[in-house]
Amino acid sequence: MSGVSTTLEPGMKGIAQDWSSDKDAFKNVSWGKTMMWIFLLSDTFIFSCFLIAYMTVRWSSPVPWPPTSEVFALTLFGQHIPLLLIAIMTFVLITSSGTMALAVNYGYRRNKKVAASLMLVTALLGLTFVGMQAFEWSKLISEGVRPWGNPMGAPQFGAIFFMVTGFHGFHVSIGVIYLTIVAIKVAKGHYEERGYGIVEITGLYWHFVDLVWVFIFAFFYLW
Amino acid sequence: MSSATAEVQQHPLGVYFKVWVLLFVLSAFSYMVDYMQLQGLLRWGLVLLFMFLKAGFIIAIFMHMAWERLALVTAILVPPMCLLVFIAIMGVESEYTWISRMFHFLGGVAPELNLPVHH
């Protein structure tokens with residue numbers, strides 16, 4: 001093998017070459033994107049700690065866990081539908097992930113008008129999600145769910161519910177602000193020279209919020 | 001590294017629409033698991049299957065992991081594997097806590113454990 005190769009090797013050979021190379025290990029990836037991925041990795045551990053705490057608390061409880069399917073049921077037009085609000089919230093968040101993915105695509109096509117509007121639609125869907133979560137919180141609080149107890153079962157239910165969904169809702173709220181700021185900057189043409197990698201980076205954060213919800217939906221609501 | 005050398009993640013729109021529809025279908029499936037009141041191994045198996053499929057598609061396509069170089073993919077996806085160890089440790093721990101609570105606080109309310117009851 002001769003000294004400097006100009007093309008990047010794929011596969012395992014590529015890993016060895018990238019990590020042993022000069023300056024940077026992550027070829028073809030901007031610093032902003034690398035840093036966002038590393039932040040998301042750390043955030044993965046934070047959410048994992050919450051979910052593992054939930055598992056520990058639930059498995060060690062001698063008192064039955066509240067039946068989530070019933071706790072989060074809604075009665076609509078005289079129909080009793082389990083987990084209805086949560087299902088709608090899930091679909092809203094997936095829709096927002098779709099519009100975000102399209103925004104990234106239009107950003108790289110340098111179509112700033114469409115990219116910015118798709119980002120604003122994403123932010124709006126995120127806001128809808130947070131609104132529905134606020135409704136869910138007030139419903140449960142009015143039913144007597146508190147961090148230290150509730151009328152439905154294991155007293156730890158409230159603490160886990162408020163911490164996990166609260167921390168996720170906080171991420172969604174921050175994401176809405178982040179998206180709005182970047183969307184405005186995109187629309188104003190602030191990235192015409194630097195390129196539209198920022199839309200992809202913002203997208204990574206937003207898709208991560210959706211990703212976390214996939215796990216919360218499965219473990220907290222369906223379990 | 002400037003953005004001039006950074007690779008642009010430009011893919012045909014069709015891929016995103018397909019994954020979008022797929023995520024909708026998978027979410028509907030996992031909701032149906034609850035709606036149909038499936039129980040036991042079938043319930044947990046399906047919930048986990050749909051969860052991992054959804055997570056996989058979001059990471060691979062929406063977050064572009066499928067097109068990244070292995071150096072980045074492994075740096076991000078391998079460290080969370082240690083969570084499996086954490087889950088295993090806390091699983092054992094919670095089982096132990098549960099048995100202690102049954103044994104000491106509830107006076108052996110769990111007959112299926114077949115523990116000698118001391119008061």
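Every chain is numbered from 1, with letters handed out A, B, ... down the list of sequences.
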Side chain proximity check, [X] to [Y], heavy atoms < 4.5 angstrom:
X: B/Asp34; Y: A/Phe72; value: no
X: B/Trp44; Y: A/Trp223; value: yes
X: A/Phe91; Y: B/Phe24; value: yes

B/His64 and A/His207: CA distance, side-chain angles, deciding distance, side chain to side chain contact (heavy atoms under 4.5 Å, CB included) verdict: CA-CA 11 Å; B/His64 296 145; A/His207 294 311; over 6 Å; no
[X] versus chain B, the contacting section by heavy-atom distance below 4.5 Å:
X: A/Leu222; result: both
X: A/Arg58; result: neither
X: A/Ala218; result: both
X: A/Trp19; result: side chain
X: A/Ser69; result: both
X: A/Ser42; result: neither

Heavy-atom count around [X] [atom1] within 6.0 Å, excluding the residue itself: above 12?
X: B/Met81; atom1: CE; answer: yes
X: B/Gln39; atom1: CD; answer: yes
X: B/Met36; atom1: CE; answer: no
X: B/Tyr96; atom1: OH; answer: no
X: B/Phe29; atom1: CZ; answer: no
X: A/Phe47; atom1: CZ; answer: yes
X: B/Lys18; atom1: NZ; answer: no
X: B/Leu41; atom1: CG; answer: no

Residue selection (most heavy-atom pairs with chain A, distance under 4.5 Å) from B/Thr74, B/Ile76, B/Val19, B/Thr97: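 Highest number of pairs under 4.5 Å: B/Ile76.
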Most contacts with chain A, counted as non-hydrogen pairs under 4.5 angstrom, among B/Val33, B/Val73, B/Ile87: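 Heavy-atom pairs under 4.5 Å are most numerous for B/Ile87.
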Proximity breakdown for B/Ser100 and chain A, heavy-atom pairs closer than 4.5 Å: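 Nothing of B/Ser100, per the 4.5 Å heavy-atom cut-off to chain A.
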Portion of B/Met32 that has a non-hydrogen atom of chain A nearer than 4.5 angstrom: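 For B/Met32, neither part sits under 4.5 Å from chain A.
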First locate atom [atom1] of [X], then atom [atom2] of [Y], and finally report the distance between them rounded to the nearest 0.5 Å.
X: A/Tyr108; Y: B/His11; atom1: OH; atom2: NE2; result: 9.0 Å
X: B/Arg69; Y: A/Lys27; atom1: CZ; atom2: NZ; result: 8.5 Å
X: B/Leu13; Y: A/Leu102; atom1: CG; atom2: CG; result: 6.0 Å
X: A/Trp37; Y: B/Met63; atom1: CH2; atom2: CE; result: 3.5 Å
X: A/Thr44; Y: B/Leu77; atom1: OG1; atom2: CG; result: 9.0 Å
X: A/Asn105; Y: B/Tyr16; atom1: CG; atom2: OH; result: 5.0 Å

Heavy-atom pairs under 4.5 Å with chain B: which of [options] has the most?
options: A/Ala53, A/Cys49, A/Ser61; answer: A/Ser61
options: A/Asp210, A/Thr68, A/Leu40, A/Thr95; answer: A/Thr95
options: A/Gly107, A/Pro10, A/Ser97, A/Gly203; answer: A/Ser97
options: A/Leu41, A/Ile86, A/Thr90; answer: A/Leu41
options: A/Tyr221, A/Tyr196, A/Phe219; answer: A/Phe219

Search all heavy atoms of [X] against all heavy atoms of [Y] and return the closest pair with its distance.
X: B/Ala71; Y: A/Ala25; value: CB-O, 3.9 Å
X: B/Ser94; Y: A/Ser60; value: O-CB, 3.4 Å
X: B/Tyr31; Y: A/Pro82; value: OH-O, 2.7 Å
X: A/Gly98; Y: B/Trp20; value: CA-CE2, 3.4 Å

Pair B/Cys82-A/Phe45, side chain to side chain contact (heavy atoms under 4.5 Å, CB included): steps then yes or no: CA-CA 10 Å; B/Cys82 72; A/Phe45 285 103; 3.9 Å; yes
Trace of the side chain to side chain contact (heavy atoms under 4.5 Å, CB included) decision for A/Met100 with B/Phe62: CA-CA 9 Å; A/Met100 188 67 236; B/Phe62 279 1; over 6 Å; no
Would you list the atom pairs, donor with acceptor, under 3.5 Å between side chains in residues 47-59 of chain B and any protein atom, with sequence neighbours excluded?
| residue | atom | partner | partner atom | Å |
| --- | --- | --- | --- | --- |
| B/Lys54 | NZ | B/Ser27 | OG | 2.9 |

Stepwise side chain to side chain contact (heavy atoms under 4.5 Å, CB included) test for B/Ser30 and A/Phe217: CA-CA 9 Å; B/Ser30 45; A/Phe217 182 59; 3.6 Å; yes
